[in-house]
Structure formats: C-alpha cells, structure tokens
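A short worksheet on the structure shown next.
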Amino acid sequence: MLNASLNRKLRMALIGGGGAGFIGKVHRTAAQLDGRAELVAGAFSSSMDRSRETALAFGVDPARAYASWEEMLVTEAARPDDERVDFVSIATPNFLHFPMAKASLAAGFNVLCDKPMTTNTADAETLVRLVEETGAVFALTHNYTGYPMVRQAREMIAADELGEIRAVRANYVQGWMWAVDPTQPAERGTWKDDPRRNGPGATIGDVGTHAYNLARYMSGLQPAEVLGKLTTFSGRQLDDYGHALVRCLNDALIMVTVSQVTHGRLNDLSIEIDGDKASLSWRQEEPDSLTIRQTGQPQRIYDRAPGQAHMNDSGNAACRIPGGHPEAFFEAFANVYSSAYDDMIWRVVGGDRDPRSTIYPNVYDGLEGVRFIEQTIASSKANSVWLPLAAR
Ligand SMILES: NC(=O)c1ccc[n+]([C@@H]2O[C@H](COP(=O)([O-])OP(=O)(O)OC[C@H]3O[C@@H](n4cnc5c(N)ncnc54)[C@H](O)[C@@H]3O)[C@@H](O)[C@H]2O)c1
C-alpha cells in the first residue's frame, strides 16, 4: 500500500450484483475488505425494485439505487466533489461491459471491470484509447493474480529463480454444465450460451481468459501466435471444452486447457511453469501453497507464511493474516482492488504511473484477453491454423 493517502475512503458505484447475480456480491465484499473504499451507489439490476432491495441488503442509501446505469452515471457525475463516486465496478453479462465502461470513463470515473473486457477486439481497442485519453485507472478483475503465492511466484520468475521460461501449462477445469437442466429456466447466467450477450467464446472466454491471463501474468512471456481447437460435448451452442496453444516470442509454449464438462471438477485452475533451472506448480483450490521442483532434488513446498525466509516482497505484501489461517478467493479479489486503489490515489496526488505495467490486470491485459478469445476461435474454425497474437 502507498504512503500517499486521500484521508478518506474511496467511493464506489457498482453495476450488477442484484438478485441471484454472483460476482457483483464478490466485488462488493472484496472492494470493502480493507476499509479503503465504501459502496455508496449502484445500478444493481435493471429492475428498480430489485436494485433498491439490493441497496438495502448492501447497506447503501436507497436514494442512490438506480435501475438504469446510464441514469446513475449522469446523476453521480453531477454530484459535488465530496459526494461523487471515484470508481465504477462492472459485474454484468459480457455484452454490457463495453457500453458501461466506455460511458463510465467518459463521465470521468475510474473503472474496475469484470472479464472478458468486451465481446470484440474493436471495442477493446476503443477502451484502451479512452483510458489513454482520460488517464483513468482501469483494472480488470482477473482475480487469480491477487493470490499471495501467485504474486510470490511472479517475483521469483522475474528474479530468474526458475531460469528462462520454456513452457507453461494452464488448465481451468469445471464440470457444472452436467448439472444444468436445459428444460428449466436458469437462476443466473442464461446469457452465457447466447452469443449476442456472451460474445463468441463461452468456456474459452469464461475461464480460458483467466488461465491465459494467469500464464502471462506469472511467466511474463510475450505471445506471438495461437493455435486453437474448441469443441462442444454438452450440446450447448457455444464451446464447452478446448485447447489453445500459444507460441511465444522466445519460442516458449503456453498450453491452455479449458473445460466446463469434466465431472466433479469445481474451480480447478492449475498452472505449471517450466524454467531451465526449476519448475513450479500452483492450484487455486489449494492457494496457500506453491511447489518448486528441480531434477535430482526433493520438491520444496512454499507455504503462504508471511515474514518467513522463503517469502519475497510481493508474496508478503499480498498477505493479510499469518500462515495456516487460509486466505482465498475474497482476499485475492481484494488484492486486485487494493492495487487499483493505490493507483487511483497516486493519480490524485500526482505521482508518476505507468498504466501499461501495473500489478493488477489492466486495459491492455483486457485487450489481450479479447484477442486471445477471437484468435483461438478463428484458428479452431480454420482447422487449427496458427494465427498471430500481438505482443505488448
Ligand atoms: N472474476 C471472476 O472470477 C468471475 C466469476 C464469475 C463471473 N465473472 C464475470 O462477471 C460477469 C457477471 O457474471 P455473473 O456470473 O455474476 O452473472 P450473473 O448472471 O450471475 O449476474 C449478472 C448480474 O448483472 C445484473 N444486470 C444485468 N443487466 C443489468 C443492467 N442492465 N443493469 C444493471 N445490472 C444488470 C443482474 O441483475 C445480475 O446481478 C460476467 O462478465 C462474467 O464473465 C467473473
């Protein structure tokens, strides 16, 4: 956390999270976990009653609950300096991210947006331009980048502890699709199999972008091209299983495997990174432990244990409580928020910021994620040819 301070909490507006909505509730909790921000306004649903109900449940003044995000942005932007929100969080179906983020930036707000950033590259490029023009902070909630042992591993790789990175295997495997009864209305997420509201890639966009972002974030590898093979085993319209093989500029290979049709798997995001000195592995279902391996040596398990000799600065800084008391999803999500807050404060107090190189996933990562989805789908449709991916 920076020493610079605004001497007040940042003010948050949330779009989404009403009714059965899942991730909006996580945003609400994570954003306020460290007492650095307060949720003061929201368009929690497109129904006024539901938005107001949610405001009450979230401890927000119902006078600042809106049924329309457009109305919320106009009204909140017109408030005096000591009331106006500092940032807008977007936790709605994919096709709404772009108009909501674009309008939030245009209204002068910082933005935290869920993934995938947009449903096509042209819109993602527009957001990059707007962030560059406005100087706003834009964070994308690839929340797995907030786990202490992920940040620890990233610093270890940057410090050459694994040597040159040769290969990454990033898998995000779920099985919930077998539990969906297509004859029953879904409680949430009906938009996920509708290309108009979800975008062109389902599983590759939903969990594949997380796995790809994590591989890029931890390894620092720069992508050159991708070869994809996506398929559908459950009978849904869009993909539910597949592979994307990315060749990097140094000829390292990243293999991303995604599934939402693997019986019994919950949120099995795992990553293995091979360097020419050592390899490491990490799983989000056991997030407090990181395994390091070297041929001829016993494997080393690094526990999340802040302050102990094996922990580096990035790992320590991402911890809140002593090792052995599990930290997990909410805390990692909150770390993305907290890193974005540092930048928001820095922006106000006038410090130098490099928006391309942030500890939290940013608008450029968002663009990369959308390109990854589009090019993987295009490759798969063209019988798995190699297609270019732009490096940063
Ligand atoms: N970062 C993560 O780990 C993670 C996890 C799950 C979902 N997501 C992403 O978060 C987004 C939402 O996913 P979800 O699973 O919460 O979906 P969901 O279907 O459970 O919830 C969608 C929410 O959006 C709200 N909403 C819809 N239209 C709206 C409008 N016009 N104005 C205001 N609110 C509106 C609904 O009321 C609901 O609360 C998606 O983009 C998804 O990819 C991210």
Side-chain angles (χ1 to χ4, degrees), residues 13-31 41-55 57-58 65-73 88-101 103-104 111-119 123 139-147 150 172 174 176 180 185-194 196-214 238 258 260 266-269 284 287 328-337 360-361 365-366 369-370 373:
L14 175 62
I15 314 182
F22 162 48
I23 209 69
K25 294 179 180 66
V26 176
H27 279 263
R28 173 235 175 185
T29 303
F44 303 109
S45 160
S46 50
S47 132
M48 191 62 234
D49 285 350
R50 194 169 285 170
S51 194
R52 218 176 270 125
E53 253 168 46
T54 308
F58 284 2
Y66 304 84
S68 142
W69 56 272
E70 293 97 329
E71 184 198 342
M72 180 185 86
L73 294 179
V88 176
S89 294
I90 299 169
T92 54
N94 300 349
F95 76 108
L96 292 168
H97 297 176
F98 174 64
M100 290 171 171
S104 300
V111 170
L112 279 103
C113 183
D114 224 304
K115 40 51 64 176
M117 188 166 81
T118 62
T119 56
D123 288 351
L140 195 72
T141 43
H142 279 305
N143 42 296
Y144 304 105
T145 62
Y147 279 98
V150 165
Y172 203 143
Q174 303 179 322
W176 58 267
V180 173
E187 197 188 349
R188 49 173 284 263
T190 50
W191 52 270
K192 286 190 176 185
D193 196 29
D194 172 359
R196 202 184 49 81
R197 291 183 293 160
N198 176 84
T203 302
I204 193 69
D206 196 13
V207 295
T209 46
H210 273 314
Y212 177 60
N213 173 266
L214 191 67
L238 295 171
V258 294
Q260 290 178 322
L266 297 172
N267 276 286
D268 198 355
L269 169 63
Q284 98 104 16
F329 196 78
F330 281 118
E331 287 87 348
F333 219 103
N335 282 340
V336 174
Y337 265 93
Y360 56 86
D365 296 292
V370 176
I373 296 169

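No hydrogens, no waters, no symmetry mates; every other heavy atom, side chains included, goes into these values. Whatever order the structure lists ligands and atoms in, that order sets their numbers, starting from 1.
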Quick one: look at [X] and ligand 1, take heavy-atom pairs under 4.0 Å, and tell me if it's side chain, backbone, both or neither.
X: His97; answer: side chain
X: Asn143; answer: side chain
X: Ala91; answer: backbone
X: Thr190; answer: neither
X: Thr92; answer: both
X: His210; answer: side chain
X: Leu96; answer: side chain

I'd like to check which ligand 1 atoms, numbered from 1 as shown, lie under 4.0 Å from a non-hydrogen atom of [X].
X: Phe44; value: 34 (N), 37 (O), 39 (O)
X: Ile15; value: 33 (C)
X: Thr141; value: 1 (N)
X: Gly17; value: 39 (O)
X: Ala43; value: 33 (C), 34 (N)

What protein heavy atom is closest to [atom], reported as residue, atom name and distance in Å?
atom: atom 43 (O) of ligand 1; answer: Lys115 O, 2.8 Å
atom: atom 25 (C) of ligand 1; answer: Gly16 CA, 3.8 Å
atom: atom 15 (O) of ligand 1; answer: Arg188 NH2, 2.5 Å
atom: atom 39 (O) of ligand 1; answer: Gly18 O, 2.7 Å
atom: atom 13 (O) of ligand 1; answer: Trp191 CZ2, 3.6 Å
atom: atom 41 (O) of ligand 1; answer: Asn94 OD1, 2.6 Å
atom: atom 44 (C) of ligand 1; answer: Asp114 OD1, 2.9 Å
atom: atom 21 (O) of ligand 1; answer: Gly21 CA, 3.3 Å

Measuring from [X]:[atom1] to [Y]:[atom2], what's the distance to the nearest 0.5 Å?
X: Lys25; Y: Thr54; atom1: NZ; atom2: OG1; answer: 6.5 Å
X: Tyr212; Y: Ile204; atom1: OH; atom2: CD1; answer: 10.5 Å
X: Thr29; Y: Glu331; atom1: OG1; atom2: CD; answer: 11.0 Å

Donor-acceptor pair, side chain of [X] and main chain of [Y], under 3.5 angstrom:
X: Asn94; Y: His97; value: no
X: Ser45; Y: Ser51; value: no
X: Thr92; Y: Gly16; value: no

Checklist entry - Any side-chain donor paired with an acceptor under 3.5 Å for Tyr172 and Asn267? => result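 Yes.
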
Item to check | Shortest non-hydrogen contact between His27 and Ser89, atoms and distance | outcome: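 That closest heavy-atom pairing would be ND1-CB, 4.2 Å.
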
Checklist entry - Pick one: which of Asp365, Thr209, Thr118, Thr119 meets side chain to side chain contact (heavy atoms under 4.5 Å, CB included) with Val370? => result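 So, applying the side chain to side chain contact (heavy atoms under 4.5 Å, CB included) to Val370 and each of Asp365, Thr209, Thr118, Thr119, only Thr118 qualifies.
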
Checklist entry - Would you call Leu112 and Tyr337 a side-chain contact if the rule is heavy atoms closer than 4.5 Å? => result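 Yes, close enough: below the 4.5 Å cut-off.
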
Checklist entry - Do Asn213 and Thr145 have side-chain heavy atoms sitting under 4.5 Å apart? => result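 Heavy-atom side-chain distance check passes, below 4.5 Å.
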
Checklist entry - What orientation do Phe22 and Phe329 show, parallel under 30°, tilted 30 to 60°, or perpendicular over 60°? => result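 The arrangement is parallel - the two ring planes meet at less than 30°.
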
Checklist entry - If you measure from atom 27 (C) of ligand 1 to every heavy atom of Pro93, Ser46, Gly205, Ser45, which option wins on shortest distance? => result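 It is Pro93 whose heavy atom sits nearest to atom 27 (C) of ligand 1.
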
Next on the checklist: I'd like the name of whichever of Asn267, Ile23, Thr209, Thr119 reaches closest to atom 10 (O) of ligand 1 through any heavy atom.
Outcome noted: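 Heavy atom nearest to atom 10 (O) of ligand 1 belongs to Ile23.
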
